[in-house]
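As a basis for the values below, the full set of heavy atoms in this structure was taken, side chains included, without hydrogen atoms, waters or symmetry mates. Everything quoted here is computed from the prediction, not taken from an experiment.
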Number of protein chains: 2
Amino acid sequence: MNRPDPARPPARTARDGEVPGVGPSPAGTRPTRQRLSPDERRRQIFACAQRLFSERRYEDVSTTDIAAAAGVARGLVNHYFGNKRGLYLEVVRLNSTVPALAVATLPAGTLQERIDASVTWFLDTLQANGGTWLALGSGGMGRDADVERILVKAEDDSVERLMEAMGLDRGGAGQDQARALLRVYAQLARSGAREWLLRKSLGRGQVHALLAGTLMVVVREAVPAVGV
Amino acid sequence: MNRPDPARPPARTARDGEVPGVGPSPAGTRPTRQRLSPDERRRQIFACAQRLFSERRYEDVSTTDIAAAAGVARGLVNHYFGNKRGLYLEVVRLNSTVPALAVATLPAGTLQERIDASVTWFLDTLQANGGTWLALGSGGMGRDADVERILVKAEDDSVERLMEAMGLDRGGAGQDQARALLRVYAQLARSGAREWLLRKSLGRGQVHALLAGTLMVVVREAVPAVGV
DNA sequence: AGAACTATTGACAGCGTGTCAATAGTTCCG
DNA sequence: CGGAACTATTGACACGCTGTCAATAGTTCT
């Protein structure tokens, strides 16, 4: 027998996307199957999947669970998303939108000032975001080659903006090295923020000092390569 | 029908733990079932599982595959490891042995010297290791809460040794903050090494400078807290 | 050799997945 | 307004995967 994992909550039967005005149908009358526009239905299923995947491991969320949560036949999930994995990757893709590592509008000023502005803005964004992005990096989500590709791409975008903010995007050669250094810094930033917001082992001031200090080291090292 | 994932290689039938001297039995004669000591059998199955899990995603490795690779009945895998997940976690636990972040024997000298020694030793270890540890952090392995616990524990051990090497383990209060800072540094070290060994976007010298520079920032920041 | 022990097997029950033809809302057109 | 065309949705089917357990067959002891 397939012994149920003790950590796994009982399969949901209740609907999740229930239309507000429509209460549970009186016993006996079968709730007429409601037909939505593809877009709407897709979004609804997606929302349920997103919630479930954030609560449990990939392999512990069945398409049956998702369908039940959406109040829909299981086949419909496959109809819209192909297979479970496709749906999962779509969820990850959405959640991987990285809070930019740097301000969009570069403030003129000394390097030190620009760095401080960058860090401040990054921490502000994260604080507002409330840790949902941080959880992605190491939390309940499964990781594999495909997932990694998505995450790496999101990070690269973010690094690109940081390149601009630091004024490293105008040099000639050595840009790739600068990018690599910033990628490393991005990991530090993520993990520092995690200690601050999730583990609460560091104060904001400390994290700020750490990030700013490191970013200074990184840029100093990158500058000779870029030749600025 | 369960459409086979195109990325998934056909199920192996060949034995993996075949005894060197014993070739494939001549057709017609059923290969007599061989009985090993529990330890040996356990190790053998474990080895096959380790290989398979490093090649494909968790959910794409079936216990049938593992059993086939070991040339053994599927039930035996469950007999030894309880369930698939248990086996998987054991594999992760073994692979998470972190190359220590610092030398065991602390060289006396200036802080700068100790930092350089630390970094050098870390990079040496990693180079010898050949990237198998690095792959773990973000690569083909799935991650979830349990896996994370294992990884965090391994990291904590490593951080503890780094505390000693930096001489931060004798201060009074603020040790937890110092630890947190070093955990963040550990992430930087990992990701820096990845750029060097896996992505090959940075040279060893650059990574060394980056790690040493950051570690200096980190320790400087930790010292006032610890009160050394 | 026979008995006791135990590593190993094979079959069973049940769940999860992807497919596909049938069903039932919705819309269009005479 | 009524039926036809369209298509969102369902339900059942085939099959793979998992965990359990009694039966089987090597090994060891006497």
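Which of C:dG18, D:dC17, D:dT10 sits closest to the side chain of A:K84 comes down to C:dG18. Among D:dT10, D:dC17, C:dT9, the nucleotide with an atom closest to any side-chain atom of A:V72 is D:dT10. When distances are taken from the side chain of B:R41 to each of C:dG18, D:dT18, C:dT8, the shortest belongs to C:dT8. The side chain of A:H79 has D:dT9 as its nearest neighbour among C:dT17, D:dC17, D:dT9.
A donor-acceptor pair is defined here as one N or O able to donate and one able to accept, closer than 3.5 Å; no such pair exists between the side chain of A:E59 and the backbone of B:E59.
B:Q187 and A:R194 share no donor-acceptor pair across their side chains, judged by distance under 3.5 Å alone. Judged purely by distance below 3.5 Å, without hydrogens or angles, the side chains of A:R179 and A:Q175 pair a donor atom with an acceptor atom.
Using a cut-off of 4.0 Å between Lys/Arg side-chain N and Asp/Glu carboxylate O, B:D124 and B:R204 are scored as salt-bridged. One finds a salt bridge joining B:D146 and B:R149 here, because a Lys/Arg side-chain nitrogen approaches an Asp/Glu carboxylate oxygen to under 4.0 Å.
Counting to the nearest Å, the P atom of C:dG16 and the CG atom of A:D60 are 10 Å from each other. Distance, A:N83 CG to C:dT19 P: 8 Å, rounded to whole Å. Residue A:Y88 contributes atom OH, which lies 20 Å from atom C1' of C:dG18 at whole-angstrom precision. Between A:L76 atom CG and C:dC20 atom C1' there is a gap of 14 Å when expressed in whole angstrom units. Straight-line distance from the CZ atom of B:R57 to the C1' atom of D:dC17: 16 Å, rounded to whole Å. D:dT9 atom P lies 12 Å from atom CZ of A:F81, rounded to whole Å. Counting to the nearest Å, the P atom of D:dT9 and the CD atom of A:Q44 are 9 Å from each other. The distance between atom CG of A:N78 and atom P of C:dA21, rounded to the nearest whole Å, is 16 Å.
Remark: A:T63 is not in phosphate contact with C:dG16, judged by side-chain N or O atoms under 4.0 Å from OP1 or OP2. OP1 or OP2 of D:dT9 has at least one side-chain nitrogen or oxygen of A:Y80 nearer than 4.0 Å.
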Can you name the atoms? Protein N/O to nucleotides 2-6 of chain C N/O, anything below 3.5 Å, with the distance.
| residue | atom | partner | partner atom | Å |
| --- | --- | --- | --- | --- |
| C:dT6 | O2 | B:R35 | NH1 | 3.2 |
| C:dT6 | O2 | B:R35 | NH2 | 3.3 |

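Remark: the B:R74 side chain and the C:dG10 base include no donor-acceptor N/O pair separated by less than 3.5 Å.
A perpendicular orientation is assigned to the rings of A:F53 and A:Y88, their planes being inclined by more than 60° (bins at 30° and 60°).
Annotation: side chain to side chain donor-acceptor pair (under 3.5 Å) contacts of B:S201 (sequence neighbours excluded): B:E195.
Checking B:L36 against A:G75, the closest nucleotide of DNA chain C that is more toward the 5' end is the one next to B:L36.
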